[in-house]
Structures are given as structure tokens and as C-alpha cells.
Amino acid sequence: MSPAVSLSSAVREAGAWPFVEARKILARIERTGQKEVLFETGYGPSGLPHIGTFGEVARTSMVRHAFAVLTGEAIKTRLIAFSDDMDGLRKVPENIPNRELVAAHLGKPLTQIPDPFGTHASFGAHNNARLRSFLDQFGFDYEFASATDYYKSGRFDAALLRMLARYDDVMAIMLPSFRQERAATYSPFLPIHPLTGIVMQVPLEDIDAGAGTIAWRDPKTQERFITPVTGGHCKLQWKPDWAMRWYALGVDYEMAGKDLIDSVKLSGEIVRALGGTPPEGFIYELFLDEKGQKISKSIGNGLTIEEWLTYASPESLSLFMYQKPTAAKRLFFDVIPRTVDDYLTFLDAYPRQEPKEQLGNPVWHIHAGEPPPPEVLRHAGRGTEISFGMLLNLAAVANSEDPQVLWGFLRRYAPDVSPQSHPRLDRLVSYAVRYFRDFVRPNKTYRLPDETERAALVQLSDMLADMPESASPEDIQSALYDIARPIPRYQDFGAKGATPERPGVSNEWFNMLYQVLLGESRGPRFGSFIALYGIAETRQLIADALAGDLVRRHAEEHAPQAGRGRA
RNA sequence: GAGCGCGUAGCUCAGGUGGUAGAGCAUCUGACUUUUAAUCAGGAGGUCAUGGGUUCGAAUCCCAUCGCGCUCACCA
């Protein structure tokens, strides 16, 4: 059996969810005989890209890639990113300049509202540009589509006329989902007011399927209008809009969050009423914040994509999106280190896996079948991958947000490594020091030394003053022991090799140094720490500790807003 | 009212298509005492929420129950 054949059988049986989805699409096209498959992701008018946007496109791309491999690339695939930029603006966003400018155009399609940022032809065009640059920064492969363009160009006309012809069927599907008062005024067609340009939510007085028009009345002036449903003179309400788009474009696959289950169902029924077939679907669970609440842009809870990318790579975020899309997951700062290390573990395992296992490895899906080789450090003849957790630990004990200090530790372990030879590790170091700065250091607890400890620290500082800046870690370590040995509190007569004349030194000595100087309950080999951190710097650290500055500064910097460390 | 998810070690969670319960942290023991936590070795800890069903065999599939949580029912 050739590798290609065994791989294809593995692909047909692969249990990873993108393959399960891909097989759904394969079964669909085997029924229809079509030679092209269209994936869609959609974006609402409130418009700005967020972490869920990333998740939806990343997941859809994973399915798309699995499908391409499953079919041996014999079937062309496209991913369309559809922007609802013709929706009427319902309220002025809080986070924009020139709010009064926008307020004057409330109710109009986004593409008919001036750009409050002054950089694009319209507010809608501005948001579209933001969306596209967002998607582009991750290298997603997609085609952008504007609802305004599609409506105005006539690409939707045939489907719009068909919906008008099936008006009664559409209403029969929609009306039961409303309460009585809403049902009385509902219309799937929203005419654009020919005088004001506003997207009108008004009851229809008449429809003329033959002429392709609807009749309605301006509620303020009572003037009656007859408007064609075609040519961008009219748009559709949300659920019929979605259905019409599926029907008009022939969308084969679109995923949606759990909050849209009812919409998917109703839109699917409408597609059938039009005589089409709804796309294959996938419902993913929502993300929750640390308290289990739905993440909402308006509330501002949870984690933004900017925050994730401050502390970890896009690949690690892809992993988060890959894992268990149907289970609700907390999306908060503390999941980042774990996700990063999971990603590194999967990357590390990939080269050792059989092809069949590789198809189930998330990095295969994250990197479109071609994950990069892991970066390992060579030490004592074997390779080790440095984890994010390890780097956080190093940053914590070194109490440093300087990447160079961490690299110092790394080079001591594997002398030949550098940011140049290990660029991804270098980025990992940068992420780690930021995470340390914002989440680890605020949780340090420094304490003041008592009299005995003060005396010992003064002696330590004096001792260091006599040592050359180039002193070896071993020499410093020996000197540390000699400082503590005569101090009764730190003597340990039970230590191996200890004699009554020459007692051992207990760990209490080092624990005190960690607590007073580093704000940690444990720490690095202290002689090594001083050699790396610098003798003069360590003496300054001791001076600060004796003056109470470490305790005071830490309290000033971190006490008021503990927890959420956005710098 | 409708729908969805979750329940596995003290904690946080992994555990495609059924085949003797796993990791990290925490904890305990031991090794090493001019020594360490970027070390090594080992241990303990779970009726996999509960009750049924299918099966030679169920954490896994099916049904029911309990508990927790979320979403939708105005708009998108």
C-alpha cells in the first residue's frame, strides 16, 4: 500500500472534528454533483473584529483545509467573508470620534453614513477595512463581500424576487417566532426610504410579486411609497437576509454560535421555502469569562484578542479555538500559559507521530498540514523544549522583565542558543516577561526583614562589595554560606558533613532571601542569581529591602488594581 | 417556555470511531547537605454525578433523573 493510499484512508476515517465536518460537506456534494464548495463567515453591523471573529474564521479555515485534503484538492473551495454593511445603524457606538456626526445619520445603512474617523468613504467602508486588515494580519485566505455591493449590483435580485413570490411561506415561518405585538408589524422586507435614506421597519400594505414591489407608508408623514425589492432599494430582515444569501450564493457551509440556533433553524426553513438547501452547519459553544458569563463586547468582560496576542502567539489562540468547539470554555488570562504549553507539546510530538496520528494533532489543523519543527535546546546531549511555564518561573525568580536576563539563564543551560538561532523561543520569552509583568509580579509578597535578618543582609552586602563583578556563581554561593554559618538562626547541625565547629546552613537562610529580596517563597540558586543579576544590582536590591522600598513600591504599584493587569 | 453545554484525583482539566483511569499543580516519602526548585527516584489519592439499557466489555454509545451554567424568545 502506497503512503498516499494509506494517508487517504486515514483521512477518510480521521476523527478530528474538522474532518467530521469535511465529510458532511463531502456527502452533500456527492448528492448534488457540484464541483465547487463555498464556505461563509458573516459579520454584523456593529462591526469591529474581535476574538470570536478570529475563532470563527480560524475554525472554518480548518474545516476547509480538512475538506481539501479529504478530496485531494479535486473540489475547488472558496471562503467568503460577508459584511452586513447595509444594515441600518441602530445606535451610535461609544468608542468612536465625532459621535454627533454619526448621530445625524442614525437608521441609515452603514455605507451611507460618513466615516467618523475621516479615513474612508463611509462608516461601513471603514469597518470593512478594519475587518480586512484584521483577517489579513493572520494570513487567512478569504474573499471579502459587501452586502451593499451585492444588493446594489443586482446579484441578489433573482433571490429577492423569489422571496417576494414566496412571501406567504416566509411569513408563515417567521410569525410563530414572535409575540403578538411584533408579529403584527413584521416584514421581511425593509425598504430604504427614498427621501431620508433610512432603513424602514414598517408593516407592508401590499406586495406585488409580479412587479417586484412592496407598498408601505411612512409612519410620520403617512405618505405611501411603492418600492422595488431589487437593486438595493430594499434590504431584508436578519433571518430572511441570511436565508436569501445562502440561497443566492449557494453557501455550502457556515458555522454559528449557540446563541444563533433559532436563527439557523428559521433561516434554513426559509431557504427550503425558496426551493434551496440550507448549508451544512456547525454550532459552537460560546466563550465565557472567569465568572462563567457570556463574553460581550458591550460589557467588556472576558479577554480581547489584543490581550491574548500581548501574552501569547496567534498559533496558541488557534489551538484554543481548535479544542472542543462544542464545549463552553472560560476565556480568561489564566488559560493562556496552559494553552501555550499545550501548543508546544503538540508541536513537539508531531514529528514523532504516525501520519494517522498527525491528522488528529491540533498543530496539523492550525498550520494547514505543515507545522514547523519544534525549537529545542541541546543540553547534555539531549533536546529539551522550553515551556512557557518554565519561562514564567524564570522571570518570577529573576524578578525581571528584561528578556536578556532570561536569555542569560537559557544560555547557561545551553550555551549555543540565541534569539537568532531560536526566533520563536525569543518571542516566547517576550510573551513570558509581559505575562510576568502583568500577572505574576503583582502577586508577589515582599516582607520586611527583622533585626537578625537586617544584620545578615548588611553583612552580605558588605561581602559582595569586596567581590569582583566577575565573581563566579560558585564563589558567591560559598560566600553566602559563610555569611549564614555563624548566625544561630540559620545553623543546621543535622546537615550531612556538619560538625559542631562547622555547622551546616539551613534552607531558612535562602528562604529569607527569597521572601525579602524577591517577594517569592522560593527561588533560584542564589549564587547563580547574583552572578547573573549583577553584584552591584544585588547590593542595590539589598539596600532597597533594608530601606523598606521593595515593600512600599510593590504596594504602590499593585495594590489599587490587583488582578487585571493591563499596563 | 424552547434549546445547548458541563459534571473524571484536593484544584485546573485531558481522555476521535467502546478494550485494565491520565497530566499539570498541590501533597507525601526518599536521594543530594559548600546543597536547592531549570535535579532525580518513588508513593498516596477517583463507585468517572445517579439509575437503567446496548455489549463479551461503557468515563466513552442510548434513555431517564439530579445538580451547575449558559443561550434564545427586541435587534443582529
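Throughout, protein chains are lettered first and strands after them, A, B, ... in sequence-line order, and every chain is numbered starting at 1. Hydrogens, waters and symmetry mates are skipped; everything else that's a heavy atom, side chains included, is used.
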Donor-acceptor pair, distance only, cut-off 3.5 Å: does the side chain of [X] make one with the backbone of [Y]?
X      : Y      : answer
A:W509 : A:L480 : yes
A:K239 : A:D262 : no
A:E21  : A:V63  : no

With [atom1] as the reference atom in both, quote the distance from [N] to [M] in angstrom, rounded to an integer.
N      : M      : atom1 : answer
B:rA58 : B:rG52 : P     : 13 Å
B:rA9  : B:rC62 : C1'   : 28 Å
B:rA44 : B:rC25 : C1'   : 16 Å
B:rG46 : B:rG10 : P     : 7 Å
B:rG16 : B:rA73 : P     : 35 Å
B:rC48 : B:rA59 : P     : 7 Å
B:rU55 : B:rC68 : C1'   : 32 Å
B:rG15 : B:rU71 : C1'   : 27 Å

Could you give the [atom1]-to-[atom2] distance, from [X] to [N], as a whole number of Å?
X      : N      : atom1 : atom2 : value
A:I336 : B:rU12 : CD1   : C1'   : 16 Å
A:R179 : B:rA73 : CZ    : C1'   : 6 Å
A:N127 : B:rA76 : CG    : P     : 17 Å
A:K91  : B:rC74 : NZ    : P     : 17 Å
A:Q201 : B:rA76 : CD    : P     : 6 Å
A:I283 : B:rU71 : CD1   : P     : 16 Å
A:L286 : B:rG69 : CG    : P     : 17 Å
A:K265 : B:rC4  : NZ    : P     : 8 Å

Regarding [X], tell me which of base, sugar-phosphate or nothing describes its non-hydrogen contacts under 4.0 Å with the strands shown.
X      : result
A:L260 : base
A:F178 : sugar-phosphate
A:A16  : nothing
A:D84  : sugar-phosphate
A:D342 : nothing

As a quick check of understanding, evaluate salt bridge (charged side-chain N to carboxylate O under 4.0 Å, His left out) for A:E315 and A:R424, giving each step before the final call.
CA-CA 11 Å; A:E315 290 80 11; A:R424 279 180 281 131; over 6 Å; no
A:Y481 stacking on B:rU35: centroids under 5.5 Å, ring planes under 30°?
yes
RNA chain B: 5'-proximal contact among A:L480 and A:A328 (nearest heavy atom)
A:A328
Looking at [options], which one has an atom nearest to any side-chain atom of [X]?
X      : options                : result
A:Q237 : B:rU71, B:rA76, B:rA14 : B:rA76
A:R182 : B:rC72, B:rC75, B:rC4  : B:rC75
A:D259 : B:rG5, B:rG15, B:rC72  : B:rC72
A:R90  : B:rC75, B:rA14, B:rC72 : B:rC75

Under 3.5 Å for both donor-acceptor distances, Watson-Crick or wobble: does [N] have a partner, and if so which one?
N      : value
B:rA76 : none
B:rC68 : B:rG5
B:rG10 : B:rC25
B:rC32 : none
B:rG16 : none
B:rA59 : none
B:rG46 : none

Are OP1 or OP2 of B:rA14 and a side-chain N or O of A:Q323 less than 4.0 angstrom apart?
no
If only side-chain N and O atoms of A:R338 are considered, is one of them under 4.0 Å from the OP1 or OP2 phosphate oxygen of B:rC25?
no
Out of the candidates A:Y311, A:W308, A:Y431, only one should pair with A:S316 under the side chain to side chain donor-acceptor pair (under 3.5 Å) rule; please name it.
A:W308
So, A:K235 and A:D84, do they make that salt bridge, N to O below 4.0 Å?
no
Between A:E280 and A:K24, does any NZ, NE, NH1 or NH2 come within less than 4.0 Å of an OD or OE carboxylate oxygen?
no
Taking atom types as modelled, is there a side-chain donor on A:D85 or A:T148 under 3.5 Å from an acceptor on the other?
yes
Taking donor-acceptor contacts at under 3.5 Å, does the side chain of A:K258 reach the base of B:rC70?
yes
